[in-house]
Chemist: 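One structure follows; several queries about it will come next.
Atoms within each ligand, like the ligands themselves, are counted from 1 in listed order. This structure is a prediction, so every number in the text was calculated from the model and none was measured.
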Amino acid sequence: MRIDLHLHSTASDGCLSPSALVCAARTGGLHVIALTDHDTAAGVEEGSDAGVGSIHVIPGIEVSTTHDCGDVHVLGYFIDPKHERIRAYMRDAEERRRERMRTMLGKLDEMGVNVPWEDVLAAAGPSARVIGRPHLARALIVRGYAQTHAEAFDRYIGDHGPAYMPVDLVTPREAIELIHDAGGIAVWAHPRFESFKRDLSRFVEWGLDGVECYRPRCDPSESLHLESETRRIGLLTTGGSDWHGSWHGKLGAFSVTEEEGGAFLERGGI
Ligand code: AMP
Ligand code: MN
Ligand code: MN
Ligand code: MN
């Protein structure tokens with residue numbers, strides 16, 4: 001069984017619609033996938049429908065949280081996308097991300113970099129429920145302020161860039177509670193090594209269920225360390241490609257094995 005538990009669609013900052021993503025995953029030889037858009041589950045229904053009879057699509061969300069002034073992403077799996085608290089969170093995230101983007105555009109404007117709001121909306125496309133930095137990166141390229149996404153992030157909007165603003169929605173603790181309330185399993189996405197060592201015990205106290213241990217672009221020794229620590233404390237191991245589009249390679253080139261993700265799938269009733 002080939003598994004990928006971390007994928008983005010056009011509902012957030014991915015390049016394929018949920019149904020096209022499911023189709024590409026099937027072509028890429030995957031058997032179980034999870035749709036985990038940033039701060040929205042708006043694509044889940046379309047993705048699940050597209051998978052019926054051919055591929056298992058786990059409903060998910062990637063919640064943007066702030067912890068000690070840094071970004072921490074918490075994946076919520078097997079959530080009910082229609083749960084009242086999830087819907088309220090999605091509405092709030094949509095609004096707050098728009099405000100944040102307007103602030104970032106203001107910062108760019110002060111630097112003489114003029115990107116109209118409409119350009120960001122056009123870059124995001126009609127299906128995007130949340131506006132994120134990759135949409136702004138596309139608009140910066142269209143306006144000729146950068147040649148590539150990497151350059152847009154390096155020069156302007158990366159975590160240490162002059163126009164960066166944090167999303168600042170909820171804390172990891174609130175994200176874990178939200179995910180549990182909606183019937184889901186909370187997993188720490190792509191933990192940074194230093195933060196993992198420092199913060200894991202606190203997140204476990206707050207109810208964290210698992211850790212994303214297997215990723216492409218992750219040092220194998222780091223994956224092994226994450227796996228052994230996660231299993232030692234009795235949490236679930238998961239993994240995924242965090243695929244957003246073809247620049248991340250071919251969907252299905254990376255996958256998690258049953259040995260690596262089986263306990264997680266079992267907990268979710270698969
Ligand atoms: P946001 O949630 O709006 O802060 O945007 C974060 C997203 O931007 C991530 O999920 C990635 O898709 C993308 N991203 C972050 N850093 C970089 C980078 N250095 N280069 C390209 N894309 C990035
Ligand atoms: Mn993203
Ligand atoms: Mn993330
Ligand atoms: Mn992601």
Side-chain angles (χ1 to χ4, degrees), residues 4-16 18 21 34-40 42-43 60-67 69-77 89-90 92-105 107-108 115 120-121 123-125 127-141 145-170 172 175 179 186-192 195-196 210-218 238-249 251:
D4 188 339
L5 300 169
H6 192 153
L7 301 173
H8 293 271
S9 78
T10 46
S12 66
D13 57 3
C15 274
L16 296 181
L21 183 72
L35 183 57
T36 53
D37 276 305
H38 298 287
D39 302 315
T40 185
I61 189 168
E62 182 174 15
V63 179
S64 309
T65 83
T66 308
H67 180 68
C69 304
D71 281 351
V72 168
H73 289 179
V74 181
L75 294 156
Y77 293 108
Y89 174 77
M90 282 165 54
D92 196 36
E94 223 171 289
E95 186 55 39
R96 297 270 289 276
R97 275 178 164 278
R98 281 170 183 266
E99 283 167 22
R100 174 243 197 175
M101 184 55 66
R102 285 188 186 279
T103 308
M104 287 182 68
L105 292 181
K107 285 187 170 208
L108 285 170
V115 178
V120 180
L121 286 187
S127 317
R129 290 290 287 273
V130 294
I131 302 293
R133 281 184 285 164
H135 304 135
L136 175 53
R138 288 176 210 165
L140 282 162
I141 294 167
Y145 291 112
Q147 302 290 315
T148 61
H149 276 246
E151 190 190 342
F153 276 86
D154 284 349
R155 287 182 67 178
Y156 304 112
I157 59 172
D159 291 1
H160 305 288
Y164 174 69
M165 273 278 298
V167 180
D168 209 8
L169 280 160
V170 289
I179 291 161
V187 172
W188 189 355
H190 46 73
R192 277 191 300 270
S195 172
F196 182 74
V211 176
E212 188 178 62
C213 299
Y214 318 107
R215 294 183 274 130
R217 310 180 289 276
C218 180
T238 75
S241 62
D242 206 357
W243 197 86
H244 286 66
S246 55
W247 64 92
H248 284 153
L251 193 53

Chemist: Do the side chain of Tyr77 and the main chain of Leu5 share a donor and acceptor less than 3.5 angstrom apart?
Modeler: yes
Chemist: Given 3.5 Å as the limit, does a donor-acceptor pair link the side chain of Thr36 with the main chain of Glu62, or not?
Modeler: no
Chemist: For the pair His190 and His73, name the ring-plane relationship: parallel under 30°, tilted 30 to 60°, perpendicular over 60°.
Modeler: perpendicular
Chemist: Of all N/O/S atoms in Asp13, which lies nearest to the Mn ion (ligand 2)?
Modeler: OD2
Chemist: Any sub-3.5 Å donor-acceptor pair from Arg138's side-chain atoms to Ala123's backbone N or O?
Modeler: yes
Chemist: Is the shortest side-chain N to carboxylate O distance from Arg133 to Asp159 below 4.0 Å?
Modeler: yes
Chemist: Would the distance check show the side chain of Trp243 and the main-chain N or O of Gly249 forming a donor-acceptor pair, the cut-off being under 3.5 Å?
Modeler: yes
Chemist: With distance as the sole test, does Asp39 use its side chain to make a donor-acceptor pair with the main-chain N or O of Ser64 at under 3.5 Å?
Modeler: yes
Chemist: Check whether Arg96 reaches the backbone of Asp168 with its side chain - one donor and one acceptor, N or O, closer than 3.5 Å.
Modeler: yes
Chemist: Could you check whether Asp242 and His248, counting side-chain N and O atoms only, form a donor-acceptor pair closer than 3.5 Å?
Modeler: no
Chemist: I'd like to know if the side chain of His8 reaches the main chain of Cys15, judged simply by a donor and an acceptor atom lying under 3.5 Å from each other, with no hydrogens or angles considered.
Modeler: no
Chemist: May I have every N or O pair linking ligand 1 to the protein at under 3.5 Å, one per line with atom names and distance?
Modeler:
| unit_1 | atom_1 | unit_2 | atom_2 | d |
| --- | --- | --- | --- | --- |
| ligand 1 | 2 (O) | Arg97 | NH2 | 2.8 |
| ligand 1 | 3 (O) | Arg97 | NH1 | 3.1 |
| ligand 1 | 3 (O) | Arg100 | NH1 | 2.7 |
| ligand 1 | 3 (O) | Arg133 | N | 2.9 |
| ligand 1 | 4 (O) | Arg100 | NH2 | 2.8 |
| ligand 1 | 4 (O) | Arg133 | NE | 2.8 |
| ligand 1 | 4 (O) | Arg133 | NH2 | 3.1 |
| ligand 1 | 10 (O) | His38 | NE2 | 2.9 |
| ligand 1 | 12 (O) | Asp13 | OD2 | 3.2 |
| ligand 1 | 12 (O) | His244 | NE2 | 3.0 |

Chemist: Enumerate the protein N/O/S atoms at a distance below 2.8 Å from the Mn ion (ligand 3), ignoring waters.
Modeler: Glu62 OE2, His73 ND1, His190 NE2
